[in-house]
Amino acid sequence: MTDARWRLVAHQAAGDTVLVDLDPAGAEQRRHVVADAELTRWVRESSPGLRWVWNDTAAWYPALLADGVEIERCHDLRLSHAILQLSTLVTDPAELRAATAWAAAAPAPAGGDALFDLVDDRERLPDDIDEVQAEFDRQRRALESATQPDRLRLLLAAESAGALLAAELHAAGLPWHRPTHEALLEDLLGPRPAPGTLPREAQRLADEVRAALGDPHASLDSQPKLLRALHRAGIAAQTTNRWELTQYDHPAIPPLLAYKKLTRLLTANGWTWLDEWAAAGRFRPVYVPGGVVTGRWASSGGGALQLPRLLRPAVRADPGWVFVVADVAQLEPRVLAAMSRDTALANAARGTDLYAGIVAGGVVTTRQEAKIAVLGAMYGATTGDSGRLVPALRRAYPRAMGLVDDAARAGERGEAVTTWLGRTSPGPSERWRHLQANASDPEAPANAAEAARRSARDRGRFTRNFVVQGTAAEWALCWLAELRTRLRTLPPTDSTAAASGPVFGRRAHLAFFLHDEIIVHCPERDADAVTEAVRDSAAAAGELLFGGFPIDFALDLRISNDAAKS
DNA sequence: AAGGGACGCGCG
DNA sequence: AAAGCGCGCGTCCCTT
């Protein structure tokens with residue numbers, strides 16, 4: 001064993017892996033060259049607290065999980081590079097920005113069996129020990145000179161923990177009850193149709209629409225053709241979106257809306273999806289940590305971020321296991337209250353319903369108004385009900401509103417904005433700068449000034465939302481990282497969830513994450529301990545980010561055999 | 001034939 | 001029941 005703080009790991013030619021141990025001061029202690037196949041044993045035998053440093057978690061970790069070992073902590077150089085080279089908290093980012101090999105776009109995440117097919121296709125990050133060590137040194141120097149090093153260190157640790165968790169979520173999967181999903185499809189659509197044909201109920205509705213339009217050949221699936229068919233029937237719609245169609249009183253409209261709903265279910269989450277994504281009793285979406293500019297996770301394949309509420313009943317715990325399902329009520333306005341130190345908004349957020357708190361403060365009269373106003377404030381609404389209500393919020397919560405208004409103005413000027421922990425927005429595009437420059441050019445066309453103003457306002461709404469959405473994502477990452485650590489302390493059980501694999505089949509594990517919601521799959525006997533861990537982790541995340549500032553992060557928590565929403 | 005853009009709709 | 005952020009995906013349609 002060793003007292004190393006960090007262990008850098010990289011590939012070397014001829015099937016060997018190089019490990020370099022660094023002491024807490026960053027000095028090299030020792031170096032090992034081991035066969036690739038031996039890495040699992042080195043992971044298993046490493047001391048607690050060691051932080052593994054590698055180029056890309058998505059490239060290393062799935063194979064280790066498949067081998068039955070977990071990593072406790074890591075430092076993901078790719079994700080950290082992306083944060084540091086943009087962050088306004090880094091005083092001198094020049095050498096990081098010059099290391100362009102580390103600026104590779106997010107690789108296609110490798111999931112289990114697809115790992116080896118994908119590796120060849122990906123843009124390869126440096127994976128040579130000297131390059132890995134050089135980049136780690138650059139990142140350490142950037143942190144040491146940063147204006148808020150503690151915040152950035154927390155962000156990088158949370159981002160890296162998220163990268164571990166993303167691989168673990170894929171490996172564990174979300175328990176999926178195929179019979180429930182199939183029964184739901186058959187209820188709504190009829191029996192699974194032969195390939196190339198519509199399910200019974202979709203066909204019935206299509207016939208009904210065509211009869212009502214008096215147009216036996218009307219196309220319902222092509223937007224331009226459908227629009228023309230509607231016009232021929234005297235329906236003067238400009239688009240075919242759901243909201244606009246409901247405005248028209250015509251017998252073709254109700255069956256058309258029902259048809260659209262059913263074909264959506266069929267194409268997005270029908271039998272084909274079930275075969276492809278939830279075949280073996282688990283839904284295994286591919287999570288992409290840091291995939292959204294704000295720091296939210298993205299997903300690739302399976303539509304992880306779009307799991308329709310309708311299908312929630314198919315999320316079913318294994319026998320002897322249950323779910324602990326938790327989501328944060330109004331995460332973004334709570335985060336805004338804390339980062340702006342707005343005690344009035346924090347008071348409204350005390351307890352479980354921030355919107356009720358705003359009503360109780362006499363700012364608006366109904367909960368619905370409060371919700372519309374808050375969303376409008378964070379998204380930059382200027383018209384409609386939402387736009388009308390925002391000024392009341394501006395009077396009641398000047399600090400919170402001042403923060404988002406400042407962010408919007410900075411964005412309109414083309415400046416960058418930064419989240420609480422130091423993630424900075426990307427700069428404006430070349431096209432955007434060109435539009436702004438054009439506006440003051442006397443030779444420019446007459447509409448140039450208007451185009452420039454519009455794009456400036458568009459960017460202002462982006463930066464306004466960036467600081468809030470991005471800081472909320474940071475809170476969520478800290479919540480996840482804290483919870484992941486706590487769950488690891490629960491002892492294994494005899495009750496197995498075999499489809500969750502060698503690592504997670506015998507222990508409580510995270511099974512799903514979506515921005516502000518988590519699902520933990522755990523043995524029944526652990527449900528109370530997990531619930532407590534979820535609560536404690538949320539409190540810890542609030543403390544980590546906002547110290548002593550009095551802000552509640554209210555959780556909606558339930559223990560259930562399925563994940564249906566109330 | 002492949003690929004990009006627009007649209008619509010699911011999620012937060 | 002809306003117009004305002006961030007996504008992914010399936011379909012259609014047009015370009016290369």
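A, B, ... follow the sequence lines: proteins, then strands. Residue 1 opens every chain. Just so you know, these numbers use all the heavy atoms, side chains as well, and skip hydrogens, waters and symmetry mates. Just so it is clear, the structure is predicted and the values come from calculations on it, not from any experiment.
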- Query: So what does A:Ser386 touch, heavy atoms closer than 4.0 Å: a base, only the sugar-phosphate, or nothing?
  - Reply: base
- Message: Without decimals, in angstroms, what is the distance between A:Leu305 CG and C:dC7 P?
- Response: 11 Å
- Any chance CG of A:Asp275 has more than 12 other-residue heavy atoms, nucleotides or ligands included, within less than 6.0 Å? yes
- Query: Within the structure shown, what part of the strands sits under 4.0 Å from A:Asn241 by heavy-atom distance: base, sugar-phosphate, or nothing?
  - Reply: sugar-phosphate
- Message: Please pick, from B:dG12, C:dA1, B:dG8, the nucleotide with the shortest atom-to-atom distance to any side-chain atom of A:Gln368.
- Response: C:dA1
- Query: Among the nucleotides B:dG10, B:dG8, C:dC13, which one has an atom lying closest to any side-chain atom of A:Ser222?
  - Reply: C:dC13
- Can a donor-acceptor pair under 3.5 Å be found between the side-chain atoms of A:Arg296 and the base atoms of B:dG12? yes
- Query: What is the distance from CZ of A:Arg457 to C1' of C:dA3, rounded to the nearest Å?
  - Reply: 14 Å
- For A:Ala298 and for A:Arg461, find the nucleotide of DNA chain C with the closest heavy atom, then tell me which residue's nucleotide is more 5'. A:Arg461
- Message: Given C:dC7, C:dA1, B:dC9, identify the nucleotide with an atom nearest to the side chain of A:Arg264.
- Response: B:dC9
- Item | Rounded distance in Å - CD (A:Gln247) to C1' (C:dA3) | 13 Å
- Hey, does the side chain of A:Ser537 reach the backbone of A:Leu483 with a donor-acceptor pair shorter than 3.5 angstrom? yes
- For A:Gly387, report the nucleic acid contact type (base, sugar-phosphate, nothing); a contact means any heavy atom under 4.0 Å. nothing
- Message: Distance to the ring centre below 6.0 angstrom and angle to the axis at most 45 degrees; does that hold for A:Arg316 and A:Trp176?
- Response: no
- Message: Can you tell me which nucleotide in B:dG8, B:dG10, C:dG4 comes closest to the side chain of A:Lys261?
- Response: B:dG10
- How do A:His515 and A:Ile372 order along DNA chain C: which one's closest nucleotide is nearer the 5' end? A:Ile372
- Test item: A:Trp297 and A:Leu480 side chains (from C-beta on) under 4.5 Å apart, heavy atoms: yes
- Roughly, in whole Å, what's the span from CG in A:Asp516 to C1' in B:dC11? 11 Å
- Give A:Thr240 one of three labels, base, sugar-phosphate or nothing, depending on what nucleic acid heavy atoms sit under 4.0 Å from its own. sugar-phosphate
- Query: Is B:dG4 paired to anything, Watson-Crick or G-U wobble with both distances less than 3.5 Å, and if yes, which nucleotide?
  - Reply: C:dC13
- Task: Measure the shortest side-chain to side-chain distance between A:Cys478 and A:Leu154 over non-hydrogen atoms and say whether it is less than 4.5 angstrom.
- Result: yes
- Examine A:Phe283 together with A:Trp273 and report whether their ring centres are nearer than 6.0 Å. yes
- From the candidates B:dC11, C:dG10, C:dC13, the one with an atom nearest any side-chain atom of A:Lys225 is C:dC13
- Task: Send over the distance from A:Leu220 CG to C:dC12 P, rounded to a whole Å.
- Result: 11 Å
- Message: Between C1' on C:dT11 and CG on A:Asn269, what's the gap in Å once rounded to a whole number?
- Response: 15 Å
- Item | Donor-acceptor pair present, A:Gln306 side chain and C:dG8 base, under 3.5 Å | yes
- Whole-Å distance, A:Leu307 CG to C:dG8 P, equals 16 Å
- Base, sugar-phosphate, or nothing for A:Arg464, non-hydrogen atoms under 4.0 angstrom? nothing
- B:dG8 OP1/OP2 closer than 4.0 Å to side-chain N/O of A:Lys260: no
- Task: When you get a sec, tell me which of B:dC11, C:dG4, B:dC9 is the closest nucleotide to the side chain of A:Arg242?
- Result: B:dC9
- Do any side-chain nitrogens or oxygens of A:Ser300 fall under 4.0 Å of OP1 or OP2 in C:dG8? no
- Task: Quickly work out the A:Tyr379 OH to B:dG12 P distance and round it to whole Å.
- Result: 11 Å
